[in-house]
Trainee: 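Take this structure first; my questions come after.
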Amino acid sequence: MSITNNLKEIKKNIPAGVRLIAVSKTHSPEIILEAYNCGQREFAENKVQELGDKVDKLPKDIKWHFIGHLQSNKVKYIAPYVYLIHGVDSLKLLKVIDKEGKKNDRIISVLLQLHIAKEDSKFGLTEDNFFKVIEEYNTGIYQNTKVKGVMGMATFTDDESIVKEEFSNLKRLYDKGKMLIKDVDAFSEISMGMTDDYQIAIEHGSTMVRIGSAIFGNR
Ligand SMILES: *Cc1c(COP(=O)(O)O)cnc(C)c1O
């Protein structure tokens, strides 16, 4: 299978209104360019250094998503150009992003990452902390950050019922967040679904799927 065909196949399964984010981590700029030449414009990386290297080598109209665990001391490297940071899982990180947004004279879009999986290895806010972050954000002090929605990862399992339960839980939390957040119009994204579970994620309200292996092959 070629990247062209893979992208075509996936797009058949994705309704209008759900965005396809191509997860290009570990793949070379040449490979990424192949997907770019098929019209793909949104890509995601999970390492700051690797992302920086690729940005320099690839077309400027790419929207770069950051999907990894982001350390506060590394925000400054991606702040000038990052399109969307998916993994905000603490108030501390939100503060740093806001500060770097200000320095760069831009508003940085973020998603709040929620802990929905059974595994405790996965990062993310608890339900309580999610509401606390929204409360703090509602004070209006974060002028250089825009909270656009939520992100989550389901448990890595063949048991579809677990994945369904976790995705519907993320949707439920998103809905609650939408009731609480003041900047309600901006809050509109649910980033959920990867190669193995994106169809389930779409059934449960995903607006953004993050797909790597189904496009580029195994890493
Ligand atoms: C790697 C990664 C993906 C893509 O995974 P695939 O199974 O290759 O589609 C999606 N989201 C996050 C956060 C990732 O780290």
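Note: hydrogens, waters and symmetry copies are ignored here, and every other heavy atom, side chains too, is used. All values reported here derive from a predicted model rather than from experimental measurement. Start at 1 and go down the list; that is how both ligands and their atoms are numbered.
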Trainee: Flag yes if Met179 and Val147 sit in one hydrophobic cluster, no otherwise; membership is Ile, Leu, Val, Met, Phe, Trp, Tyr, and two members link when side-chain heavy atoms are under 4.5 Å apart.
Mentor: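 No; Val147 is not reachable from Met179 via cluster members.
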Trainee: According to ring pair (Phe, Tyr, Trp, His ring centres under 6.0 Å), does anything in residues 189-219 pair up with another residue at least two apart or in another chain? List the pairs.
Mentor: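 Applying ring pair (Phe, Tyr, Trp, His ring centres under 6.0 Å) to every pair that reaches into residues 189-219, excluding sequence neighbours, yields His27-Phe216.
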Trainee: Looking only at protein heavy atoms, identify the closest one to atom 2 (C) of ligand 1 and say how far it is in Å.
Mentor: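 Of every protein heavy atom, Lys25 NZ, 2.6 Å lies nearest to atom 2 (C) of ligand 1.
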Trainee: Note the single closest protein heavy atom to atom 5 (O) of ligand 1, along with its residue, its atom name and the distance in Å.
Mentor: Met194 CE, 3.6 Å
Trainee: In a check of side-chain hydrogen bond (donor to acceptor under 3.5 Å, both in side chains) between Thr155 and each of Lys118, Glu165, Glu166, which one passes?
Mentor: Glu166
Trainee: Would you call Ile211 a ligand 1 contact, heavy-atom distance under 4.0 Å?
Mentor: yes
Trainee: Could you tell me if any non-hydrogen atom of Arg219 lies under 4.0 Å from any atom of ligand 1?
Mentor: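 True for this residue.
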Trainee: Please work out which of the three classes, parallel, tilted or perpendicular, describes the rings of Tyr142 and Tyr137, given edges at 30° and 60°.
Mentor: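 The arrangement is parallel - the two ring planes meet at less than 30°.
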Trainee: Of all the non-hydrogen atoms in the protein, which one sits nearest to atom 8 (O) of ligand 1, and at what distance?
Mentor: Ser213 OG, 2.5 Å
Trainee: Look at atom 9 (O) of ligand 1 and say which protein heavy atom is nearest, naming residue and atom and giving the distance to 0.1 Å.
Mentor: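 Answer, as residue, atom name and distance: Thr195 OG1, 2.5 Å.
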Trainee: Under a 4.5 Å side-chain heavy-atom rule over Ile, Leu, Val, Met, Phe, Trp and Tyr, are Trp64 and Leu111 clustered together?
Mentor: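 No, because Trp64 and Leu111 fall into different hydrophobic clusters, even though each may have its own neighbours under 4.5 Å.
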Trainee: Where is the nearest protein heavy atom to atom 12 (C) of ligand 1: which residue, which atom, and how far?
Mentor: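 So the nearest neighbour among protein heavy atoms is Ile67 CD1, 3.5 Å.
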Trainee: For atom 11 (N) of ligand 1, grab the closest protein heavy atom and report residue, atom and distance to one decimal in Å.
Mentor: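 Minimum-distance protein heavy atom for atom 11 (N) of ligand 1 reads Arg210 NE, 2.9 Å.
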Trainee: At less than 4.0 angstrom from any non-hydrogen atom of Met153, what atoms of ligand 1 do you find?
Mentor: 13 (C)
